[in-house]
Amino acid sequence: MAPSIYTDETPDDVKNAKGLHLLTMNTPNGQAVQILLEELKEAYGLEWTTTLINIMTNDQKKDWFLRLDPNGRIPVLVDNTASPPFTVMETSAEMLYLVKFADKNDTFGFKDEKERNQCLQWTFFWHGSGAPYQGQVNHFSRAAPEKIEYAINRFKNETLRVYGVLEIQLSGKYTGEERDYLAGNGKGKYSVADIKTWPWVKGWERTGFTEEEMKPFPHLKKWIARIAERPAVQKGIGDDYVQK
């Protein structure tokens, strides 16, 4: 045990975990890492353990959690194969850590440096330009104590603009070649860029967008459906990650 990381208040299933351990909740950010872990399990037999965190009760703000992630957000990945255990915060960083740790064949990444950089571009694009906007739509539409139309409309419009950027990439508007996935040569290859982005975008109805608002994004909707068919994706958002 490393006293600087674990304390007496740390739950037993966290401080006694061996190997990789994920602290998560079945939100879009949590689902991205959950899906990648399930994909790595299917591809390589990767094993890990999981602790489900209830962010509604602010478990992620307690001292024992803040020692793992000072930002107090889920998910958090702990690598107990390192000494002392190594913690990784931020979804994108966790995903990149996992592909370095477990994806020896670059099944969900790329060997070619330019393709790898393209994957990073789209991963960071959603991390910085997609998730924050869509998250704010969710907040101001459903959680805010008062409805502020300016905030709702601003973040809805920005999210739709970002959907439009994804549509440009998938439609091949400026390349003349439609794509199946965000990164990689030709039609692209399913990668962490898609896994990072999909859990948010597939929730467009829950965010409050209408079919009419989504009409400009036919390639994006096909991409959503294509990824949803993967068994590991279904497992990664499934009942194992739902608190009973």
Side-chain angles (χ1 to χ4, degrees), residues 27-36 38-39 43 90-96 98-100 103 105-138 154-230 232-234 236-237:
T27 65
N29 284 335
Q31 288 173 353
V33 181
Q34 293 161 200
I35 289 169
L36 181 56
E38 295 289 353
E39 293 282 11
E90 292 296 320
T91 305
S92 298
E94 292 164 39
M95 298 177 75
L96 295 174
L98 284 171
V99 293
K100 186 73 171 180
D103 190 10
N105 297 325
D106 289 309
T107 302
F108 307 104
F110 297 91
K111 296 186 184 299
D112 179 82
E113 285 300 327
K114 288 186 173 60
E115 288 182 290
R116 179 177 291 140
N117 186 268
Q118 188 179 46
C119 180
L120 290 175
Q121 291 176 47
W122 287 101
T123 300
F124 295 162
F125 170 74
W126 186 260
H127 189 113
S129 298
Y133 288 135
Q134 190 162 343
Q136 292 298 330
V137 178
N138 293 338
R154 167 171 165 71
F155 290 117
K156 282 187 71 173
N157 289 335
E158 280 300 304
T159 303
L160 290 170
R161 182 190 67 79
V162 170
Y163 284 4
V165 177
L166 297 174
E167 177 70 16
I168 288 172
Q169 177 71 352
L170 292 167
S171 69
K173 179 177 180 179
Y174 297 120
T175 65
E177 182 176 14
E178 295 183 6
R179 303 177 60 88
D180 290 335
Y181 301 105
L182 291 172
N185 294 332
K187 289 187 173 295
K189 186 182 82 169
Y190 177 69
S191 72
V192 294
D194 303 286
I195 299 171
K196 167 65 183 178
T197 308
W198 182 86
W200 281 94
V201 182
K202 57 89 171 164
W204 60 268
E205 287 181 288
R206 185 172 184 273
T207 296
F209 294 120
T210 65
E211 289 281 356
E212 186 67 25
E213 288 173 313
M214 293 297 289
K215 274 187 178 179
F217 317 123
H219 294 85
L220 182 61
K221 291 181 72 176
K222 289 178 184 177
W223 172 86
I224 294 170
R226 183 179 303 120
I227 293 174
E229 293 176 353
R230 297 181 66 89
V233 171
Q234 296 172 23
I237 64 174

Taking the side chain as every heavy atom from C-beta outward, state whether [X] and [Y] have any atom pair closer than 4.5 Å.
{"X": "Leu182", "Y": "Trp223", "answer": "yes"}
{"X": "Leu36", "Y": "Asp103", "answer": "no"}
{"X": "Met95", "Y": "Thr91", "answer": "yes"}

Give a yes or no answer on whether the side chain of [X] reaches the backbone of [Y] with a donor-acceptor pair at less than 3.5 Å.
{"X": "Gln118", "Y": "Gly184", "value": "yes"}
{"X": "Ser171", "Y": "Ile168", "value": "yes"}
{"X": "Asp112", "Y": "Lys114", "value": "yes"}

[atom1]-[atom2] distance between [X] and [Y], expressed to the nearest 0.5 angstrom:
{"X": "Gln134", "Y": "Thr197", "atom1": "CD", "atom2": "OG1", "answer": "10.5 Å"}
{"X": "Leu96", "Y": "Thr123", "atom1": "CG", "atom2": "OG1", "answer": "6.0 Å"}
{"X": "His127", "Y": "Glu90", "atom1": "NE2", "atom2": "CD", "answer": "4.5 Å"}

If the test is salt bridge (Lys or Arg N to Asp or Glu O under 4.0 Å), which one of Arg226, Lys187, Lys222 qualifies with Asp180?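 Going through the options one by one, the only one that passes is Arg226.
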Among Glu211, Glu213, Glu167, which residue meets the salt bridge (Lys or Arg N to Asp or Glu O under 4.0 Å) test with Lys221?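 Output: one option passes, namely Glu211.
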Report the C-alpha distance between Glu38 and Arg230 in whole Å, list the side-chain angles of each, state the deciding distance to 0.1 Å, and finish with yes or no for salt bridge (Lys or Arg N to Asp or Glu O under 4.0 Å). CA-CA 10 Å; Glu38 295 289 353; Arg230 297 181 66 89; over 6 Å; no
Name the orientation class of the two ring planes belonging to Trp126 and Tyr163 (parallel below 30°, tilted from 30 to 60°, perpendicular beyond 60°). parallel
Angle between ring planes, Phe155 versus Tyr133, binned at 30° and 60°: parallel, tilted or perpendicular?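 Phe155 vs Tyr133 ring planes: tilted.
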Heavy-atom pair of closest approach, residues [X] and [Y]:
{"X": "Arg179", "Y": "Gln169", "answer": "CD-O, 2.9 Å"}
{"X": "Ala183", "Y": "Ser191", "answer": "CB-OG, 4.2 Å"}
{"X": "Val233", "Y": "Ala228", "answer": "CG1-CA, 4.4 Å"}
{"X": "Pro199", "Y": "Lys196", "answer": "CD-O, 3.7 Å"}

Can a salt bridge be assigned to the pair Lys189 and Glu115 using a cut-off of 4.0 Å between side-chain N and carboxylate O?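 No, no charged N to carboxylate O under 4.0 Å.
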Go through Lys111 and Asp106 one step at a time and tell me if the salt bridge (Lys or Arg N to Asp or Glu O under 4.0 Å) criterion holds. CA-CA 6 Å; Lys111 296 186 184 299; Asp106 289 309; 3.3 Å; yes
Test Gln121 against Asn117 for side-chain hydrogen bond (donor to acceptor under 3.5 Å, both in side chains), laying out the working first. CA-CA 6 Å; Gln121 291 176 47; Asn117 186 268; 2.7 Å; yes
